[in-house]
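Throughout, numbering of the chain's residues begins at 1 and tracks the sequence. Owing to the predicted nature of the structure, the values given are computational and were not obtained by experimental measurement. Below, all heavy atoms of this structure are taken into account, side chains as well, without hydrogens, waters or symmetry copies.
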Amino acid sequence: MTRKLPALLALLPAACGDLSQVGRAPDFSPLEGSYQHHAMYSTPMPEMADPSGPTDASSLWTGGTESLLGDRRAAKRGDILTVVIEIDDSAEISNSTDRSRKGSQSMGIPSLFGIPQRIDDALPEGASMAEAVKTQSSSTFAGDGSVSRKEKLTLRVAATVVEELPNGVLRIEGQQEVRVNFELRELIVTGYVRPADISRQNEVTYDKIAGARISYGGRGQISEVQQPRYGQQAAEILLPF
């Protein structure tokens with residue numbers, strides 16, 4: 001009983017976490033403390049002072065983001081851009097393998113210096129050393145496998161530039177949560193983007209994001225019902241049969 005007590009105590013936090021949500025809608029994930037929150041509220045030190053002339057303030061056309069003809073694409077930490085996710089992939093793979101092998105081998109020593117004949121005299125009636133060694137083996141193998149997948153996903157999410165790397169690449173992170181009744185749908189996008197791949201509409205497609213991590217799921221009462229309970233998941237991992 002004492003050995004089972006630590007295992008039961010380890011399951012209590014998970015069980016209490018589920019009980020705390022009884023009769024309540026799932027809570028939103030807080031943005032405070034995240035990379036997005038830090039990138040927007042912190043002011044990094046400039047790497048160099050921007051040269052400014054006496055006529056810059058009086059110019060009608062400037063290259064800044066507030067200008068009519070300025071570049072409004074995300075370029076530094078804290079800027080926001082739109083990630084366009086349009087996944088329509090399908091794959092079908094079929095493999096078949098058939099292999100068979102059959103072998104037999106026999107070895108006898110009927111007249112090796114007359115030893116088998118002398119041993120036969122000492123053996124019971126019907127026994128003989130004519131075939132001292134005889135082996136036979138046979139094995140067959142057949143395998144057949146197929147994979148068929150089709151995925152389609154169309155989403156748009158706003159992401160924040162959380163870091164500007166020394167080589168100019170931008171690290172982005174986006175999170176979107178929508179709660180309907182007692183079910184929370186969440187979308188998370190992270191990865192690395194080149195500024196040149198950001199369009200004039202301040203958008204970037206998912207296939208131009210290096211190291212893209214896209215998570216689309218949910219949590220709530222419906223998601224809980226679709227998942228096996230903790231005990232069943234542990235049993236499926238631990239039981240050998």
With a 3.5 Å cut-off and sequence neighbours excluded, list the donor-acceptor pairs that the side chains of residues 201-212 form with protein atoms.
unit_1: N202; atom_1: OD1; unit_2: A74; atom_2: N; d: 2.9
unit_1: N202; atom_1: ND2; unit_2: I80; atom_2: O; d: 2.7
unit_1: E203; atom_1: OE2; unit_2: R156; atom_2: NH2; d: 2.4
unit_1: T205; atom_1: OG1; unit_2: D207; atom_2: OD1; d: 2.5

> Is any side-chain heavy atom of I188 less than 4.5 Å from a side-chain heavy atom of I214?
Replying inline: no

>> Please give me the minimum heavy-atom distance between R219 and E177, naming the atom from each residue.
In response: NH2-OE2, 3.7 Å

> Should T160 and D79 be marked as a side chain to side chain contact (heavy atoms under 4.5 Å, CB included) after you check the CA-CA gap, both sets of side-chain angles, and the distance that decides it?
Replying inline: CA-CA 6 Å; T160 305; D79 291 348; over 6 Å; no

> Would one find more than 12 heavy atoms of other residues, nucleotides or ligands at under 6.0 Å from atom CD of E92?
Replying inline: no

> Between Q175 and E173, is any side-chain donor less than 3.5 angstrom from a side-chain acceptor?
Replying inline: no

>> Looking at R77 and E163, is there a salt bridge between them, counting it only when a charged N and a carboxylate O are closer than 4.0 Å?
In response: no

> Are L155 and I87 in one and the same hydrophobic cluster, where Ile, Leu, Val, Met, Phe, Trp and Tyr link if side-chain heavy atoms are under 4.5 Å apart?
Replying inline: yes

> Should E186 and R179 be marked as a side chain to side chain contact (heavy atoms under 4.5 Å, CB included) after you check the CA-CA gap, both sets of side-chain angles, and the distance that decides it?
Replying inline: CA-CA 9 Å; E186 54 186 0; R179 186 171 63 193; over 6 Å; no

>> Would I93 and R149 count as a side chain to side chain contact (heavy atoms under 4.5 Å, CB included) here? Give the steps.
In response: CA-CA 9 Å; I93 302 174; R149 298 185 60 181; over 6 Å; no

>> So does I198 get a backbone contact from the side chain of R73, meaning a donor-acceptor N/O pair under 3.5 Å?
In response: yes

> Do V157 and L184 belong together in a cluster built from hydrophobic side chains that touch within less than 4.5 Å?
Replying inline: no

> In the hydrophobic clustering that connects Ile, Leu, Val, Met, Phe, Trp and Tyr at side-chain heavy-atom distances below 4.5 Å, which members other than L165 occupy its cluster, ordered by chain and number?
Replying inline: V169, Y192

> Can you list the residues that meet the side chain to side chain donor-acceptor pair (under 3.5 Å) rule with Q176, with sequence neighbours excluded?
Replying inline: R185

>> Side-chain heavy atoms nearer than 4.5 Å, only ILVMFWY residues, links allowed to pass through others: does that put Y216 and V83 together?
In response: yes

>> Check for me, please, whether V162 and I172 land in the same ILVMFWY cluster - side-chain distances under 4.5 Å, paths through other members count.
In response: no

